[in-house]
Amino acid sequence: MRSHLKKAGAAADEDFGWRRAWSGSAAREGVWSNIRSAEVMLLQLVSDEEAAGRASEVMALVKDHLDKDDPRRVRLARRLRSIISGEMSPSDRDLMVRALDAAYNALDDELARVRSLRNILWTATFLVLLGVAGLAVYGWFFPKSLSMCFTPKVDPGNAGRIDVVCPTAEHPNVSARTPASELAQPRDILTVEIAGLAGAALTVIASLRHIRGTDAPYMLPLASAVLKFPTGALSAFLGLLLIRGAFVPGLSDLDSRAQVLGWAAAFGAAQHLVTRLVDDRAQMTLAEVGRTTDAVIDPERAAVRESNLLGETTGASGPPTAFEDGAGPHEGPQEQERVREGAHRDDEAEGSRPRAGP
């Protein structure tokens, strides 16, 4: 125990400097992991009365972090009433220690998944931002190669002159022999990306109504929201590039600079179609902290297993003795009577159905 507490203190006092953004969260996990390990060891040394007093707390942690059909959870649920009443055996203490250790290990794994997803989102944000900045720099020095200028339909009465529309300027009555890319400006791509950022900002504001607060030590919703900004700038550039290449039928000719920027903002907001999947993944990962993973992913299958286990651990002549989720020992006579009445009605319904065969 002293060794674990010493490691926790060393991790808490360590100065990471510029590495704190990446290593600080892992250090916090190390602090709590060592404290929990010391707490598990302490449970082996306390008196029977204190261990019995902590039985309900251990059961609550087990219910939060272990699957419904975990054998340690099932056994602890069966023995919980006896432990609380003072009838604790050495095997019961060992069961509590192992169940608490498993619950804490599951909690550490859940927080590690949150931290891993947070790091992935920040890395993806940095890479997309790097790509967006690279496009802007390249377009600044080589504007003709990534031209965002459009040529509206030529007036039949004046076929020798055309209008060229760029994100930063409009050029009317230009010779038809002049390529539109010759009039591209260094600020065109940067202007398109800024319009995409503005469109992405609207989606971020709209998505705030779905974001819930979390007690996890990582700002996962923030990382998911920040990813939208560079993604909006990139989608605005790619969307106008597709329009200029006549990839979208009917949108190959934009008539004014306002239309160009408007479509850039629209494509920037359209990034939500992709990033909302990231938001869903982030919310699901946060929901798994403090809840059994199986119940989050497939609640129907977990409910089926719960019903099967209930049928295996109950008898026809008596009330249910245990539930694998720990609910059994805390139920009163009224709840048990309702369970028996429900089972009796199911038997009657099954008997009234027509049966095939002789």
Side-chain angles (χ1 to χ4, degrees), residues 114 117-140 143 146-150 152 165-170 184-214 216 218-287:
V114 175
L117 182 57
R118 191 277 311 266
N119 292 342
I120 291 174
L121 291 179
W122 282 118
T123 303
T125 301
F126 174 76
L127 294 178
V128 176
L129 182 61
L130 188 64
V132 168
L135 286 173
V137 172
Y138 183 83
W140 187 277
L146 292 177
S147 175
M148 294 282 100
C149 296
F150 296 85
V165 177
C166 298
T168 56
E170 297 182 5
Q185 300 295 319
R187 300 185 302 274
D188 285 350
I189 295 181
L190 181 60
T191 303
V192 168
E193 292 179 351
I194 292 175
L197 282 173
L202 291 177
T203 63
V204 172
I205 296 173
S207 64
L208 290 178
R209 60 190 180 92
H210 298 295
I211 293 180
R212 297 181 294 107
T214 175
Y218 309 106
M219 295 183 292
L220 190 58
L222 177 62
S224 176
V226 172
L227 179 61
K228 297 179 183 293
F229 289 100
T231 305
L234 182 61
S235 62
F237 168 77
L238 294 177
L240 287 182
L241 191 64
L242 293 176
I243 291 179
R244 190 174 186 277
F247 185 81
V248 181
L251 293 178
S252 59
D253 299 317
L254 300 182
D255 299 329
S256 64
R257 175 172 169 262
Q259 285 189 7
V260 176
L261 296 180
W263 277 106
F267 280 114
Q271 51 77 33
H272 183 65
L273 299 176
V274 177
T275 56
R276 70 174 182 178
L277 302 177
V278 179
D279 296 338
D280 294 342
R281 178 68 261 182
Q283 292 298 329
M284 182 178 295
T285 303
L286 288 177

| message | Measuring from atom CZ of R187 to atom OG1 of T168, what distance do you get when rounded to the nearest 0.5 angstrom? | response | 5.5 Å
| Could you state the interatomic distance from OG1 (T191) to CD (Q185), rounded to the nearest 0.5 Å? | 9.5 Å
| request: Identify the heavy atoms of L261 and A195 that sit nearest to each other, and give their distance. | output: O-CB, 3.9 Å
| task | Starting at CG of L129, measure out to CZ of F229 and round the result to the nearest 0.5 Å. | result | 12.0 Å
| task | Mind jotting down which residue pairs meet the side chain to side chain donor-acceptor pair (under 3.5 Å) criterion with at least one end in residues 229-241? Sequence neighbours excluded, please. | result | none
| Distance (rounded to the nearest 0.5 Å) between R257 CZ and D188 CG | 9.5 Å
| query | Looking at A184 and C149, what are the two nearest heavy atoms and their distance? | reply | CA-SG, 3.7 Å
| query | For V165 and L254, what are the C-alpha separation, side-chain angles and deciding distance, and is it a side chain to side chain contact (heavy atoms under 4.5 Å, CB included)? | reply | CA-CA 7 Å; V165 177; L254 300 182; 5.6 Å; no
| message | Test of understanding: with side-chain contact (heavy atoms from CB on, under 4.5 Å), list the residues that count as partners of L238, not counting sequence neighbours. | response | L234
| How far does CD1 of I243 sit from CH2 of W263, to the nearest 0.5 angstrom? | 5.5 Å
| Sequence-distant partners of F126, ring-ring contact (aromatic ring centres under 6.0 Å, His included), two or more places apart | none
| task | Sequence neighbours left out, what passes side chain to side chain donor-acceptor pair (under 3.5 Å) with T203? Give chain and number order. | result | Q271
| said: Tell me whether the count of non-hydrogen atoms from other residues, nucleotides or ligands lying under 6.0 Å of CZ in R281 goes above 12. | reply: yes
| query | Between I189 and E193, does a side chain to side chain contact (heavy atoms under 4.5 Å, CB included) hold up when you go through it step by step? | reply | CA-CA 6 Å; I189 295 181; E193 292 179 351; 3.7 Å; yes
| note | Residue pairs passing the salt bridge (charged side-chain N to carboxylate O under 4.0 Å, His left out) test with at least one member in residues 121-136, sequence neighbours excluded, are none
| request: Rounded to the nearest 0.5 Å, what's the gap from CG on L242 to CZ on F237? Could you check? | output: 9.5 Å
| Of all heavy-atom pairs between A282 and L117, which one has the smallest distance, and what is that distance? | CA-CD2, 3.9 Å
Donor-acceptor pairs are to be reported for all side-chain atoms of residues 219-228 against protein atoms at under 3.5 Å, with residues two or more places apart or in another chain.
unit_1, atom_1, unit_2, atom_2, d
S224, OG, D279, OD1, 2.2
K228, NZ, H272, ND1, 3.4
K228, NZ, T275, OG1, 3.0
K228, NZ, D279, OD2, 2.8

| query | If you take all heavy atoms of P230 and V132, which pair is closest and at what distance? | reply | O-CG2, 3.4 Å
| Minimum heavy-atom separation for A264 to A236, with atom names? | O-CB, 3.3 Å
